[in-house]
Amino acid sequence: METQGLASMIDEAQIRWVALGDTTWKPLVVMLHGGPGLPDYLGDVATMIADLAPVYRYDQRGTASSPWQGRHTFARHVDDLAELFDVWGAPEAVLIGHSYGATLASRFCMAHPDRVAAMLLMCGPFVGEWRTGDRVQRDLRMSATQRERLRELQQLPHRTEDQEVELLTLSWFTDHADPERGWHWAAQGARQRRPINWVMNRELGEEGHSDPLDQHLDDLRGCLPTRVEILGGASDPRPLSALESLALRLDVPLTRVDNAGHEPWPSP
């Protein structure tokens with residue numbers, strides 16, 4: 001059973017959400033998509049667990065069916081999630097965050113620890129100096145021609161639709177464990193996970209650099225719920241060692257998914 005709604009935030013922003021499963025069951029599960037700046041893409045994952053608990057997803061403000069213009073901050077997005085909890089009548093929920101969504105889940109947990117029943121962090125948040133290893137792995141998975149073409153597309157002041165799809169495909173196919181299948185998945189995602197809010201991506205990226213989660217790990221550890229787990233793909237170009245270090249800092253278990261990249265769930 002699917003339920004949809006449009007929630008009005010305190011600043012009158014409109015956020016579109018969808019729930020799958022029996023919404024009378026508690027606690028509910030909230031899935032937080034990555035990006036930042038992408039629309040929700042976790043529908044296939046939601047169907048895998050909707051028979052166990054109601055699963056709520058939403059397009060974060062400024063993406064897809066939740067259009068909005070303004071300055072993006074972590075605090076604003078954390079407040080959005082708290083307001084959605086109120087709309088859903090949820091005193092607490094299980095959070096499942098993927099990639100940037102794991103960062104959002106972590107920051108929400110620090111702000112509202114009493115509202116997080118449990119947390120699963122998939123392929124994130126990455127802390128420490130992980131970007132160098134990520135760039136090295138991506139370069140190894142691309143040909144010289146692909147690397148040069150990606151640089152050309154990134155430098156264009158404006159891109160056509162075809163150029164945007166090509167840029168995203170080149171950027172994303174290295175996320176997958178199997179390069180050939182990864183190209184197919186990335187090309188498909190480049191057409192479906194649109195439009196991308198590049199302003200949102202830049203603004204939250206800048207805030208992440210100026211106020212990194214690394215500086216708050218002791219606070220995060222102190223407010224974690226009893227049940228927390230980190231999930232990492234062994235073939236993610238982002239170094240698994242960064243998640244291993246995070247798991248040690250937070251004193252939580254890490255599950256390594258072999259033959260999986262940045263999206264460690266079965267593809268349809």
Side-chain angles (χ1 to χ4, degrees), residues 1-36 38-68 72-125 204 213 216 219-231 250 252 265:
M1 180 173 62
E2 183 176 285
T3 307
Q4 298 187 24
L6 189 65
S8 296
M9 302 293 98
I10 194 170
D11 64 351
E12 299 184 355
Q14 302 286 299
I15 293 184
R16 178 71 63 179
W17 59 268
V18 59
L20 193 63
D22 187 344
T23 56
T24 64
W25 293 358
K26 296 293 186 293
L28 52 84
V29 172
V30 180
M31 305 198 77
L32 304 173
H33 65 80
L38 296 177
D40 171 66
Y41 52 79
L42 295 172
D44 289 335
V45 186
T47 61
M48 300 177 189
I49 57 175
D51 60 335
L52 304 175
V55 183
Y56 287 72
R57 302 162 12 240
Y58 66 100
D59 287 324
Q60 295 158 16
R61 73 161 60 207
T63 68
S65 57
S66 302
W68 180 78
H72 289 272
T73 66
F74 289 131
R76 179 62 268 173
H77 284 267
V78 165
D79 287 347
D80 284 348
L81 184 51
E83 290 184 51
L84 285 169
F85 271 42
D86 294 338
V87 169
W88 298 329
E92 64 176 10
V94 175
L95 296 183
I96 299 179
H98 174 247
S99 195
Y100 160 72
T103 298
L104 178 57
S106 299
R107 291 183 179 268
F108 181 86
C109 186
M110 288 190 291
H112 303 279
D114 58 319
R115 306 198 76 169
V116 183
M119 194 157 60
L120 175 62
L121 305 174
M122 298 193 297
C123 300
L204 291 179
L213 188 63
H216 304 282
D219 292 336
L220 177 58
R221 177 175 175 174
C223 66
L224 288 175
T226 303
R227 294 171 295 172
V228 180
E229 185 172 350
I230 300 173
L231 199 66
L250 299 181
V252 301
W265 54 79

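Each residue takes its place number in the sequence, starting with 1.
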Please report the closest heavy-atom contact between [X] and [Y], naming both atoms and the distance.
X: Ala7; Y: Leu84; result: CB-CD2, 3.7 Å
X: Cys223; Y: Met110; result: SG-CA, 3.6 Å
X: Pro54; Y: Pro27; result: CD-O, 4.3 Å
X: Arg16; Y: Gly5; result: CD-O, 3.3 Å
X: Leu220; Y: Ser106; result: CD1-O, 3.6 Å
X: His33; Y: Asp40; result: CD2-CA, 3.4 Å

message: Strictly distance-based, threshold 3.5 Å: is any side-chain N or O of Arg115 a donor or acceptor partner for the main-chain N or O of Ala90?
response: yes
Nearest-0.5 Å distance that lies between atom [atom1] in [X] and atom [atom2] in [Y]:
X: Leu121; Y: Cys109; atom1: CG; atom2: SG; result: 9.0 Å
X: Trp88; Y: Thr23; atom1: CH2; atom2: OG1; result: 12.0 Å
X: Thr73; Y: Leu204; atom1: OG1; atom2: CG; result: 7.5 Å
X: Leu32; Y: Arg107; atom1: CG; atom2: CZ; result: 14.0 Å
X: Leu224; Y: Asp219; atom1: CG; atom2: CG; result: 11.0 Å
X: Trp17; Y: Gln4; atom1: CH2; atom2: CD; result: 8.5 Å

task: Using the test ring-ring contact (aromatic ring centres under 6.0 Å, His included), find all partners of Tyr58 that sit at least two apart in sequence or belong to another chain.
output: none
Show every donor-acceptor pair shorter than 3.5 Å between a side-chain atom in residues 74-83 and any protein atom, with sequence neighbours excluded, or say none if there are none.
{"from": "Arg76", "atom 1": "NE", "to": "Asp80", "atom 2": "OD1", "distance (Å)": "3.2"}
{"from": "Arg76", "atom 1": "NH2", "to": "Asp80", "atom 2": "OD1", "distance (Å)": "3.0"}
{"from": "Arg76", "atom 1": "NH2", "to": "Glu83", "atom 2": "OE2", "distance (Å)": "2.8"}
{"from": "His77", "atom 1": "NE2", "to": "His72", "atom 2": "ND1", "distance (Å)": "2.9"}
{"from": "Asp80", "atom 1": "OD1", "to": "Arg61", "atom 2": "NE", "distance (Å)": "3.4"}
{"from": "Asp80", "atom 1": "OD1", "to": "Arg61", "atom 2": "NH2", "distance (Å)": "2.8"}
{"from": "Asp80", "atom 1": "OD2", "to": "Arg61", "atom 2": "NE", "distance (Å)": "2.7"}
{"from": "Glu83", "atom 1": "OE1", "to": "Ile10", "atom 2": "N", "distance (Å)": "2.8"}

Verdict with reasoning, Leu250 to Val228, per side-chain contact (heavy atoms from CB on, under 4.5 Å): CA-CA 9 Å; Leu250 299 181; Val228 180; 5.9 Å; no
Under 3.5 Å, which donor-acceptor pairs do the side chains of residues 91-105 form with other protein atoms, sequence neighbours left out?
{"from": "His98", "atom 1": "ND1", "to": "Tyr41", "atom 2": "OH", "distance (Å)": "2.7"}
{"from": "His98", "atom 1": "NE2", "to": "His262", "atom 2": "O", "distance (Å)": "2.7"}
{"from": "Ser99", "atom 1": "OG", "to": "His262", "atom 2": "NE2", "distance (Å)": "2.8"}

- prompt: Do Gln14 and Ser66 get their side chains close enough for a donor-acceptor pair, meaning under 3.5 Å?
  reply: no
